[in-house]
Number of protein chains: 2
Amino acid sequence: MAGRNARSGKEQQDKPRDPQAVLALLWGEQEQPTRGPKPTLSPQRIAAAAVELADAQGLDAVSMSKVAAEFGVSAMALYRYVPGKAELVELMIESVLAEVPDLSAAEGDWRAATRLWARRCLDLYRAHPWALAATAMRRQAMGPHQLRWLDAAHAALEPTGLPAAQRHQVFVLVVGLVRSLAQQTADFDADQDREWNRLTAEVLRRHADRFPALTRAIAEGAFEPDGTDPLDFGLDRILDGVEALVAGRP
Amino acid sequence: MAGRNARSGKEQQDKPRDPQAVLALLWGEQEQPTRGPKPTLSPQRIAAAAVELADAQGLDAVSMSKVAAEFGVSAMALYRYVPGKAELVELMIESVLAEVPDLSAAEGDWRAATRLWARRCLDLYRAHPWALAATAMRRQAMGPHQLRWLDAAHAALEPTGLPAAQRHQVFVLVVGLVRSLAQQTADFDADQDREWNRLTAEVLRRHADRFPALTRAIAEGAFEPDGTDPLDFGLDRILDGVEALVAGRP
DNA sequence: GCTGTTGTGTTTACGGTATATACAGTTGGT
DNA sequence: ACCAACTGTATATACCGTAAACACAACAGC
């Protein structure tokens with residue numbers, strides 16, 4: 001990848017915004033001024049409005065002017081509170097992560113605790129489908145809520161007795177599953193989905209010879225819902241695998 | 001915007017483009033005309049140029065005019081070959097998936113075959129970091145190359161003897177891991193990354209009491225590279241879990 | 001050969017985006 | 001009271017995707 005600068009998301013990049021300022025924003029650690037008129041907004045209120053917009057109409061609907069319109073102010077007013085749109089999205093993510101999962105009910109039981117964590121995380125992605133796309137590129141800045149989630153995951157996995165590095169690998173595994181599942185159900189429109197499935201199935205039938213295994217799998221009903229919860233299934237596999245590692249089974 | 005339509009990506013949505021036309025484009029199944037001037041371009045060449053651009057400068061750099069400029073034509077010329085930008089991105093993905101992994105070396109060994117598949121997939125995401133963001137929203141259209149990858153995965157997992165629905169769940173699990181890992185290393189800029197880590201570590205130290213487990217994990221070196229390949233580790237867990245399922249171990 | 005149809009690439013234009021800049025009004029510290 | 005600091009606004013720039021109208025090119029049928 002030679003040089004730097006091969007970003008992917010729609011936000012940020014070439015504009016090397018002051019990292020320290022971004023972190024201060026995320027952590028709410030900027031001292032507020034005493035002079036001047038009282039601010040009518042706050043980064044948090046702006047982010048909350050943006051989240052509402054994104055929840056209702058998707059991430060595309062979140063533009064500076066539309067968010068500003070929610071408060072009846074001009075688009076440029078937002079720049080008094082937020083350095084730019086990229087940072088607004090970071091704040092949106094942080095805002096959505098506000099309620100950290102309470103794993104105390106599963107105290108000491110790392111399987112139950114991890115299950116609970118994953119379930120909460122998936123709920124969150126389901127409630128805010130835009131969060132998937134918003135976090136699709138590597139984000140550099142982590143706010144307190146995000147770190148609290150990370151902390152909760154590590155706390156859940158501590159009873160395994162695994163070294164920290166391996167705990168983190170397990171965490172990556174679980175997040176991967178959750179995001180993968182969230183993506184499957186994001187923005188699900190039944191009618192439209194059916195139409196696409198129909199057309200894809202048709203074209204697949206016409207080229208069945210090029211996709212033998214897939215054709216067999218479909219014939220076997222691989223894509224029909226089979227009653228089991230996909231998250232439970234995936235977690236069972238992962239946690240079984242982890243348990244084998246913990247137990248030192250060969 | 002009542003019901004549906006809460007998309008997340010930056011592309012498509014409210015414009016209900018003809019699904020059949022999109023599939024025909026992806027599958028190269030549109031009959032070409034006999035009349036009129038010879039086309040100077042093709043959807044494939046356009047997609048290839050766009051991929052080159054995205055590889056070099058990120059997905060943001062892929063705009064109709066920039067892609068068109070690569071051929072010395074006007075932006076609107078592209079619309080003779082591609083319905084719109086969303087479809088161009090679909091073509092880019094399809095283009096990048098062109099070389100389907102050859103799993104014949106691992107014939108019959110589902111663990112080795114799955115490993116190989118995952119490795120190829122991760123290589124692909126590493127080579128084209130923008131693909132992560134480009135596939136972050138639910139894509140409806142699947143081209144032949146994409147289906148070949150899916151077919152290969154199912155073929156790899158067939159020897160497990162698991163029912164097709166469970167094979168697919170395992171596939172989801174593996175994809176989740178690969179994407180999760182790809183995201184960690186996407187757009188990695190060593191200097192910048194160090195700076196962010198430094199600042200985050202500092203702010204974390206200041207609030208260590210709120211993140212006890214995370215603080216312990218960091219002290220234990222959870223984020224230092226430990227020599228083991230993260231993909232291998234994750235796959236070992238997943239495949240151990242699957243093997244337990246296959247063996248019917250309680 | 002000619003003519004008409006069809007497909008090509010271009011130009012122009014519109015509405016949208018993020019955001020830099022210059023400004024006018026408000027407030028508190030001095 | 002004054003000034004510095006801070007607020008929100010208006011204006012302007014440079015993009016973006018793409019709709020529409022156009023001029024030209026090449027084959028089909030005559």
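Keep in mind it's a predicted model, so treat the numbers as computed, not measured. Lettering follows sequence order; numbering is per chain, from 1.
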Euclidean distance, atom [atom1] of residue [X] to atom [atom2] of [N] [Å, nearest integer]:
X: Q32(A); N: dT7(D); atom1: CD; atom2: C1'; value: 15 Å
X: K85(B); N: dC15(D); atom1: NZ; atom2: P; value: 15 Å
X: L41(A); N: dT9(D); atom1: CG; atom2: C1'; value: 14 Å
X: F71(A); N: dT9(D); atom1: CZ; atom2: C1'; value: 17 Å
X: M64(B); N: dT10(C); atom1: CE; atom2: P; value: 13 Å
X: L78(A); N: dT9(D); atom1: CG; atom2: C1'; value: 12 Å

Full working for side-chain contact (heavy atoms from CB on, under 4.5 Å) between W117(A) and V175(A): CA-CA 10 Å; W117(A) 189 96; V175(A) 171; 3.8 Å; yes

Comparing P83(B) and R80(B) on DNA chain D - which has the more 5′ nearest nucleotide: P83(B)

Residue whose nearest DNA chain D nucleotide is more 5′ - M76(A) or K38(A): K38(A)

Chi angles and distances behind the side-chain contact (heavy atoms from CB on, under 4.5 Å) call for W130(A), V51(A): CA-CA 9 Å; W130(A) 52 267; V51(A) 165; 4.0 Å; yes

I want to verify a distance call: between [options], whose nearest atom is closest to the [X] side chain?
X: A75(B); options: dA28(D), dG28(C), dT18(D); answer: dT18(D)
X: P33(B); options: dG17(D), dG7(C), dT10(C); answer: dG7(C)
X: R35(B); options: dG29(C), dT6(C), dT26(C); answer: dT6(C)
X: S65(A); options: dG17(D), dT17(C), dT19(C); answer: dT17(C)

Taking 4.0 Å as the cut-off, does a side-chain nitrogen or oxygen of [X] come that near to OP1 or OP2 on [N]?
X: K66(B); N: dC15(D); value: no
X: T40(A); N: dT7(D); value: no
X: Y79(A); N: dT21(C); value: no

Sugar-phosphate only, base, or nothing, as touched by Y81(B) at under 4.0 Å among non-hydrogen atoms: sugar-phosphate

Sugar-phosphate, base or nothing in reach of S63(B), heavy atoms under 4.0 Å: sugar-phosphate

F211(A) ring center within less than 6.0 Å of W149(B) ring center: no

H154(B) and H168(B) aromatic ring geometry - parallel, tilted or perpendicular at 30°/60° bounds: parallel

Any donor-acceptor N or O pair under 3.5 Å, side chains S180(A), R179(B): no

